[in-house]
Structures are given as C-alpha cells and as structure tokens.
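I have placed the structure first, in the form of structure tokens, so that the comments after it can refer back to it.
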Amino acid sequence: PDGRAKMLLEWDEVKSRFPFEILLFFGGGFVLAEGFDAAGLTAWLGKELSGIGAVPLIMLVALVGGVTAGFTEVISNMATVTVLLPLVAALGVSIGVDPRLFMLTVCFSSSFAFMTPMATAPNLVVFSTGHVTLPEMMRHGAVLNAVAVLLWAVVAVTLLPAAAGYSTKELPSWAVAQANFTCPG
C-alpha cells in the first residue's frame with residue numbers, strides 16, 4: 001500500500017528470539033567430537049583399548065552403558081552421545097565387534113539418567129515438587145540406572161543383533177575400512 005517492501009524477518013527479532021545458546025551447545029559438541037577424530041584421539045583410544053576385547057561382550061556392553069548413563073547425570077545427553085559415539089565405534093572396530101552394538105548402547109544409555117535433577121527435564125520436575133530429596137533421588141536413581149543398563153546389556157547382546165539384522169562377531173564393510181586406522185606419532 002505505501003510502496004515499501006516489508007522484510008519477512010528482521011535481525012532484531014532473530015537476535016531476541018533465537019536460542020543461540022542451543023546452537024552453540026550442539027555445535028560445540030560436534031566440534032569436540034570432530035577434534036577428537038582429527039587429532040587421532042578416537043583411533044588411538046580405540047587401539048589402546050583393544051586389550052579389553054578379552055572381557056565378555058555382555059560385560060563390555062554394560063560397562064559402556066554404565067559410563068554413558070553416568071556421564072548423562074552431569075552432561076547433556078547430546079554432548080555425551082556426540083563425544084562417545086566415535087570412541088565406542090573405534091573400540092568396536094579395534095576388538096572386531098560390530099561397532100553398531102556399542103553405538104546403539106551409547107544412544108539408548110544416554111537416556112538412563114535417573115539420579116540427578118539436572119540429568120533430564122522430568123527429573124527436574126519430580127525434584128522441584130519438594131517431595132523428593134536429592135539423596136533419595138540419587139539412591140533410587142542409581143538402582144534404576146543399574147537395572148536399565150543391565151537390561152539393555154542383555155537385550156543388546158541377545159536380541160538386538162537378530163532384530164536389527166547384523167552379527168556382533170563380524171565387522172560391517174564400512175567398519176572394515178576403518179579397521180586399518182593409524183595413530184599419529
């Protein structure tokens with residue numbers, strides 16, 4: 001009507017409404033994971049942990065799940081998954097186990113965070129009612145974490161490979177190419 005074009009989106013509106021902290025948070029996690037990979041830390045750690053392959057597979061899955069669940073009590077699920085996925089993939093390749101087993105363990109176990117209010121929004125809601133103290137939440141949450149990790153380990157080792165159509169005893173073609181990784185200096 002007055003001949004002037006109106007912008008669909010003004011920068012001031014973007015600055016006031018866009019959650020830049022979320023962008024930085026996710027971006028930071030991706031940069032950290034890429035840094036691990038580019039520096040050779042992922043490959044080095046996978047190679048250094050290759051001796052752990054003598055441990056029974058179900059115990060390794062439980063260990064990876066427990067470490068993941070522990071991290072998510074104090075670090076966000078996304079950051080935990082972003083950092084741990086390349087590490088456990090390298091671990092799987094180095095011990096000759098399909099890395100998807102450990103990668104799926106990290107993905108699922110990142111949701112097994114029941115001990116602290118900061119771990120997940122539902123935990124915070126429960127804690128904010130005032131009916132649950134932090135020691136109670138940690139005590140009961142530890143039991144829930146342990147049960148969830150152990151149940152996942154059993155399911156992941158016994159049922160998941162058949163259901164997902166892979167074998168834990170052989171590397172997929174995409175992982176075979178990574179099996180010949182080299183570690184810097």
Side-chain angles (χ1 to χ4, degrees), residues 1-46 64-93 99-149 152 156 160 164 172 174-175 177-178 181 183-185:
D2 66 1
R4 293 187 327 185
K6 176 154 171 57
M7 302 287 275
L8 290 176
L9 187 63
E10 296 286 339
W11 178 241
D12 288 336
E13 187 175 353
V14 171
K15 287 190 306 188
S16 68
R17 294 181 177 219
F18 187 81
F20 284 100
E21 61 277 3
I22 293 175
L23 178 66
L24 292 172
F25 176 75
F26 283 120
F30 293 135
V31 167
L32 183 62
E34 181 60 30
F36 280 10
D37 207 29
L41 178 62
T42 302
W44 174 81
L45 191 59
V64 168
V67 167
T68 303
F71 278 7
T72 59
E73 294 296 345
V74 293
I75 304 171
S76 78
N77 296 10
M78 185 64 179
T80 299
V81 169
T82 302
V83 169
L84 290 182
L85 274 184
L87 297 175
V88 298
L91 170 65
V93 170
R100 291 176 286 192
L101 177 65
F102 296 119
M103 294 168 80
L104 286 167
T105 297
V106 166
C107 291
F108 278 91
S109 298
S110 68
S111 295
F112 302 157
F114 306 110
M115 291 175 53
T116 62
M118 70 188 104
T120 64
N123 290 10
L124 184 58
V125 169
V126 168
F127 184 73
S128 68
T129 65
H131 296 292
V132 179
T133 65
L134 186 58
E136 288 174 321
M137 187 172 215
M138 292 183 77
R139 185 173 54 252
H140 296 294
V143 172
L144 286 172
N145 282 6
V147 169
V149 165
W152 170 258
L160 185 64
W174 58 267
Q178 293 179 344
F181 58 77
C183 297

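No hydrogens, no waters, no symmetry mates; every other heavy atom, side chains included, goes into these values.
- The nearest pair of heavy atoms linking C107 to L85 is SG-CD2, 4.2 Å.
- Closest approach of T133 to F127, counting heavy atoms only: C-CE1, 3.9 Å.
- Nearest approach of A69 to V149, heavy atoms of both residues: CB-CG2, 4.2 Å.
- Atom CE of M118 and atom CD of E73 lie 8.5 Å apart (nearest 0.5 Å).
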Task: Check against side-chain contact (heavy atoms from CB on, under 4.5 Å), F102 and V93 - done: CA-CA 10 Å; F102 296 119; V93 170; over 6 Å; no

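- Separating the OG atom in S16 from the CH2 atom in W11 is a distance of 10.5 Å, to the nearest 0.5 Å.
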Open item on the list: side-chain contact (heavy atoms from CB on, under 4.5 Å) for V147 and F112? Distances and angles first, verdict last.
Closed with: CA-CA 9 Å; V147 169; F112 302 157; over 6 Å; no

Task: side-chain contact (heavy atoms from CB on, under 4.5 Å) evaluation trace for S111 with T72 - done: CA-CA 8 Å; S111 295; T72 59; over 6 Å; no

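- Shortest non-hydrogen contact noted between P86 and T82 is CD-O, 3.3 Å.
- Going from atom OG1 of T68 over to atom CG of N145 covers 11.5 Å, rounded to the nearest 0.5 Å.
- Distance check, rounded to the nearest 0.5 Å: OG1 of T105 to CG of L160 gives 7.5 Å.
- To the nearest 0.5 Å, atoms CG (L104) and CZ (F108) are separated by 6.5 Å.
- Taking CG of L134 as the start and CE of M115 as the end, the distance is 9.0 Å to the nearest 0.5 Å.
- Contact between R100 and P172 at its shortest, heavy atoms only, is NH2-CB, 3.8 Å.
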